[in-house]
Amino acid sequence: MKKKTFFKQAAVISLSAGLILSSTNFTLTSKVSAANSKAESILAELTPEQRNALKQLELTEQTGLQGFNKQELNKEEELDVIVQFHAKPGKIAVLDAGVKGNKLSQKKADEQVAKEHEQFKKDIQSILPAGNIKGRQINHTVNSSYKTVYNGVAMKLPANQVANLLKSDVVKAVYKNETYKVDPILPEGDGEKAGSTPGTVVESLSHLKVDKLHDEGLTGKGVKVGVIDTGIDYNHPDLMKVYKGGYDFVDNDNDPMETTYGDWKKTKYPEVSNGSTYYTSHGTHVSGTIAGQGTNKDISVKGVAPEVDLYGYRVLGPYGTGTAINIMAAVEKAVDDGMDIINLSLGSGINDPYYPTSTVVNNAVLSGVTAVVAAGNSGPNEYTLGSPGAAALALTIGASDVPMAVSTFKGQIGSESGVELVSMARNYTDKLNDLDGKSYEVVDVGIGANADYNGKDVQGKIALIARGDIPLNEKVTLAKQKGAAAVLLSNNVDGQINANLGESTTFIPTLSMTKDAGEKIKAQLQSGAEGLYFLWLWS
């Protein structure tokens, strides 16, 4: 077996662009007159360009209805909306007054926020119709109230009543609740959407010099990290030691466990929808990247900060989807719980630095919390950075190539010998060297679509799959579901496939080969070579 260098995407921290506009509007002066707190230090260190951008925002603050179209506001169906009040949250209002050279006590700032909430409760009783109207029961329900990192509420009401909310003097703006989701990492390909589910890369720690920090004793001890995601499998042996608690905003309880396979089996919903399974693991994967203990016998991987106190806030439920309303609530609770860092590896198609999820992230940072947010997978074009990644005060994460060693070896397939193969995917428990010298029958299943398996038996055999049309990870997962022992993936352009899917419980040993090798093997099968076998040979 040989090793070769392969470049795999790994998250690296990069500061959000200086001119990304913030939804927290301060009139900034050259000196901060209040105490030298963490938030004030952030403001003091802003570049002149950032200061000018923030100052200009005061002329273009968003007010009124945001994100709605006239057609939907004429309907009677209920909508979830986010209502923003005029006053800033207490701690933010105090800081705002300080940078303007004014004095404001925390008590008075909090009283103003509470006053607006009470006024809004009274206002909706008079400005929104309720009861039985035209034979239909009409309600307007406040589902969440925000006071720490946002001043406002989330509520459900008929769409044709949304505009009436602006009749309340305390209402500044009304936003449409948006859907958020987990996006798979997409390796580069030839136009296909080649999704993957990579494992935490050991090589990335040394590449980013994190191992040197560990040697110096910087392991995150005493730091509280909140992962706002799909939840967390706190029973995982690599996370049990560091998990300290959290909250589930999907089920509204104190148990932020991931959506499990068992949860799906109890429903009648499809297992896969729009490429995402009903059950989730993303939050656990992110948590492992942050704080993995490296106790797994088959793959030992330590997280970036293995001694942090880890908290999970579940905001994305089945199929890895959720709402802005729950994300805002999670950021608020994380700040109230005293998190030092919050991580949001999620996003939406909303490129808006004013959107509420951007605002709560900015205000969390100004409250003393470091917010790390995913840049998303829709780039690199303009306006592809979704909220809350558009928040000016977040640490917005992009992607970088990390050199990664992968296994390469030779194989014999029928009359073709010396075929170069590159390890591309495997299950966490797979040990490729156990296959040395073993042979398996090869079955051609085209591009690996479900229909390609009709009338073909791949149980305990190797599935020969051509690249194209279907995400690479889905090809491997389906082959496993059909009972294949391994997969041979042939390229559809010259050269090897420039992607590595890593490790997953849904994978089986997968080896990539060139287009030329794949075509020669397929030709043997088409010529009637019965029982064509692949012999696993290590070099």
Side-chain angles (χ1 to χ4, degrees), residues 5-23 42 45-47 49-50 53 180-189 193-210 213 225-230 282-283 285-290 303-305 316 320 327 331 341-353 355 357-358 360-362 364-365 369-404 471 473 498-502:
T5 298
F6 180 86
F7 286 94
K8 180 173 181 177
Q9 288 184 325
V12 293
I13 295 176
S14 61
L15 288 174
S16 50
L19 292 180
I20 292 178
L21 303 181
S22 168
S23 52
I42 291 172
E45 292 170 4
L46 292 176
T47 65
E49 291 80 9
Q50 287 175 312
Y180 280 72
K181 61 187 178 73
V182 168
D183 287 328
I185 295 176
L186 306 177
E188 293 182 1
K193 295 180 179 179
S196 73
T197 52
T200 301
V201 188
V202 179
E203 287 87 346
S204 65
L205 294 182
S206 59
H207 184 74
L208 298 174
K209 313 297 183 186
V210 174
L213 295 178
V225 178
V227 179
I228 300 174
D229 212 289
T230 60
H282 188 267
H285 174 83
V286 171
S287 297
T289 301
I290 295 170
V304 173
L316 305 177
I327 292 170
V331 173
I341 300 171
I342 55 175
N343 184 94
L344 298 95
S345 294
L346 44 77
S348 72
I350 305 300
N351 177 258
D352 185 357
Y355 191 72
T357 53
S358 293
V360 297
V361 164
N362 280 332
V365 174
V369 180
T370 298
V372 183
V373 186
N377 299 312
S378 300
N381 297 325
E382 294 180 342
Y383 305 110
T384 54
L385 180 65
S387 300
L393 300 183
L395 291 178
T396 300
I397 297 177
S400 176
D401 287 336
V402 173
M404 177 184 177
N473 64 314
N498 186 29
N500 187 288
L501 304 181

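Since the structure is predicted, the reported quantities are computational estimates derived from the model, not experimental observations. Note that the numbering runs from 1 along the sequence shown for the chain.
For the atom pair Ile350 CD1 and Leu385 CG, the distance stands at 12.5 Å (nearest 0.5 Å). Rounding to the nearest 0.5 angstrom, the gap separating the CD1 atom in Ile327 from the CG atom in Leu346 is 4.5 Å. Put simply, CD1 on Ile228 and CD1 on Ile342 are 4.5 Å apart, with the number rounded to the nearest 0.5 Å.
Summarising the geometry of Ser358 relative to Pro353, their closest heavy-atom pair is CB-O, 3.4 Å, with the distance given to 0.1 Å. When all heavy atoms are compared, the tightest approach of Asn362 to Ala394 is OD1-N, 4.4 Å. Contact detail for Val182 and His282: the closest heavy-atom pair is CG1-CD2, 3.1 Å.
Looking at heavy atoms from C-beta onward, Asp229 lies in side-chain contact with Ser345 at the 4.5 angstrom threshold.
Proximity of a side-chain donor or acceptor of Thr370 to a complementary backbone N or O of Ile341 within less than 3.5 Å is not detected. Using modelled atom types, no side-chain atom of Asn343 and backbone atom of Val227 make a donor-acceptor pair closer than 3.5 Å. Checked by atom type and distance alone, the side chain of Thr396 pairs as donor or acceptor with a backbone atom of Gly389 at under 3.5 Å.
A donor and an acceptor atom, one from each side chain of Ser348 and Tyr355, are nowhere located under 3.5 Å apart.
Residues forming a side chain to side chain donor-acceptor pair (under 3.5 Å) with Ser287 (at least two apart in sequence, or on another chain): none.
Considering Thr357, Asn351, Val373 as possible partners of Ser387, the one that fulfils the side chain to side chain contact (heavy atoms under 4.5 Å, CB included) test is Thr357.
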Practice item. Output, in order, the C-alpha distance, side-chain angles, deciding distance and verdict of side chain to side chain contact (heavy atoms under 4.5 Å, CB included) for Leu344 and Val331. Key: CA-CA 9 Å; Leu344 298 95; Val331 173; 4.2 Å; yes
